[in-house]
Amino acid sequence: MNSTCLEQHIWNGCWQGTAALLLAYGICRLWPKMPPHAMSWIWRLAYLKLMIAFIFIGSIGLPVLNHSYSRTLSAHISRAPLYRNARTLSTVAHHIDQAQSTVSILVLIWGTGVTLSTLKILTALRRTRRLRHTCESIEDADLQTELEQLCLRMKIKRVPQLLTGDVRGPMICGVLKQDIILPDKALTTSSHNDLRMIIAHELAHAKRHDVMWTWLPMLAQVFFFFNPLVWLFRREWLFAQESACDLLAIQTTGSACTDYGRMLLGHVVRRTSSAEPVGIGIAEPYETLKRRIDAMTKFAPITGKKKIAVCIAICVLALIGIVPWMLSAKDYKPTSAEIADVLAKAFYNRDYEAVYRIHVASGKPHSCDSAINYISGKLQSYGPVKEVTLEAKDKILPGLTGKGFSTGQQFAPAAGTEVSTWRVKAKNGEYRIGLMVQDGKLKFYEFNLADGGIGGGSL
């Protein structure tokens, strides 16, 4: 993948992902009492959109009517240079080289940042693996019974292993084979009810596959480390994720919100290093704890029709948001006036692209290049185009001096074909253009100059 293509991937992911993150934030703020499970899915979809837009260049086009066809095309023509001497070409080449060098430098900086971020994750993975090897299995029969019963209530088929080790707070790690790790001191300083709520919270993470989903914002921070919103909104992701697990743990254990909040206050931990194990702790960071405790009294479980409605809404958002949509210009049919204006300027400037865009054939008819070059050479003495006005609506008139060609007798217009003559006022003189337009495309043209017609051609 060259630097230009990579730049396009980064740009697509950056602007589309940023838009998705801002939309998710707006939805969560406008609906503060949204069920945390739904809120968590909103953030998942936003980060997923970012990564999909980064990985895939292709987009599904949404056609929209483009009324600025002629203005855009005319502006393009007006900027098209007619001739370039060696010095001009050299200057243009120099600017292109500079632009490519700038892109290469930016891509190199981006690659360095990605490499450093990847090394941090690899360090954390190695620490996680080392930690799981040093942990010891908990042989407490009561806790094992509680673990199995909670898994049965949450319909978790694969029961995680319950371990104890040198960790600052309770956590769950692993994607396929998951372990719940409790601090060594938790077994002696925490009550049985607190341990039950802690295990229920970690099982809620397992039920929701949060460890697997946590890789999504981690990868977003790797590839878009320069985007502050990716880091800022990860806190909102964590809040929604932890709140959803709090609610599920309270429902499963039947605990009171006050008891559960007290348990959180007693086991809150805060990350201090980016190389900490890859897992999910029971509370992080301190700033989200107060919001989580407040959320317990606001959020109510959704059931029945409301649950179905929320699921449908999330599915609709997923369909609309995740797919990399792109607005594309609808097939717009320019008027004869727009075609006359474009044709006069395009032939003067030898802008082949502009001519090809309004002709009736498909592809690029390179056979008419010679005609464009020839007529353009004749038009140089007239100077740049100033005004194009309609002179005859139903026929093609000869040159302004009475000389030239008249195609009115040579061509019998088919149904839906418009025949017209346009007077072109240039800087140094005037001439006529005869047009045949069929279904918004140029079918035939004829240039009649003041000193005699110079012919035309079928496109």
Side-chain angles (χ1 to χ4, degrees), residues 69-85 88 334-411 413 417-459:
Y69 174 88
S70 61
R71 290 194 299 270
T72 304
L73 194 56
S74 298
H76 168 71
I77 294 169
S78 64
R79 292 193 300 266
L82 179 59
Y83 298 113
R84 288 192 178 100
N85 55 31
T88 304
T335 64
S336 296
E338 292 171 342
I339 290 179
D341 183 71
V342 168
L343 194 69
K345 296 176 181 176
F347 267 86
Y348 175 77
N349 288 285
R350 288 187 185 173
D351 194 326
Y352 306 101
E353 277 297 325
V355 177
Y356 297 151
R357 287 181 62 181
I358 58 175
H359 72 76
V360 74
S362 59
K364 294 184 178 182
H366 296 287
S367 58
C368 70
D369 287 0
S370 58
I372 295 176
N373 291 332
Y374 174 70
I375 296 176
S376 176
K378 292 288 187 179
L379 296 180
Q380 296 312 305
S381 61
Y382 287 83
V385 176
K386 299 176 64 178
E387 184 181 3
V388 180
T389 57
L390 179 66
E391 191 168 6
K393 194 173 183 180
D394 56 351
K395 56 186 175 180
I396 296 181
L397 299 175
L400 296 178
T401 61
K403 301 178 182 180
F405 303 101
S406 175
T407 59
Q409 302 299 324
Q410 300 177 26
F411 292 89
T417 301
E418 301 177 22
V419 180
S420 58
T421 302
W422 300 82
R423 181 184 289 263
V424 181
K425 294 182 179 180
K427 183 178 181 181
N428 303 323
E430 298 183 1
Y431 55 92
R432 286 177 176 147
I433 298 179
L435 299 181
M436 270 190 169
V437 176
Q438 185 178 39
D439 195 26
K441 294 291 185 178
L442 179 62
K443 186 176 182 181
F444 178 87
Y445 70 91
E446 182 180 85
F447 280 82
N448 290 324
L449 305 186
D451 57 349
I454 61 173
S458 175
L459 295 178

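The side-chain hydrogen bond (donor to acceptor under 3.5 Å, both in side chains) check on S336 picks up E418, with sequence neighbours excluded. Partners of E391 under the salt bridge (charged side-chain N to carboxylate O under 4.0 Å, His left out) rule, at least two apart in sequence or in another chain, are R423, R432. Residues satisfying the side-chain contact (heavy atoms from CB on, under 4.5 Å) criterion with A340, sequence neighbours excluded, are V388, W422, L435.
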Test L442 against L343 for side chain to side chain contact (heavy atoms under 4.5 Å, CB included), laying out the working first.
CA-CA 9 Å; L442 179 62; L343 194 69; 3.7 Å; yes
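Rounding to the nearest 0.5 Å places CG of D394 at 9.5 Å from OG of S420. Considering NZ of K386 and CD of E430, their distance stands at 10.0 Å, rounded to 0.5 Å. For the atom pair CG of L379 and CG of L449, the computed distance is 6.0 Å after rounding to the nearest 0.5 Å. Separation of atoms CG (N448) and CG (L400) is listed at 8.0 Å; rounding is to 0.5 Å. The distance from the CD1 atom of I339 to the NZ atom of K443 is 13.0 Å, given to the nearest 0.5 Å. In this structure, T389 OG1 and D341 CG are separated by 11.0 Å, a value rounded to the nearest 0.5 Å.
Side-chain N or O atoms of T421 include none that pairs as donor or acceptor with a backbone N or O of G434 at under 3.5 Å. In this structure, the side chain of Q380 does not engage the main chain of G377 through any donor-acceptor pair within 3.5 Å.
Two residues are said to be in side-chain contact when any heavy atoms from C-beta on lie closer than 4.5 Å; P384 and Y348 meet this criterion.
Aromatic ring centroids of Y445 and F347 lie under 6.0 Å apart.
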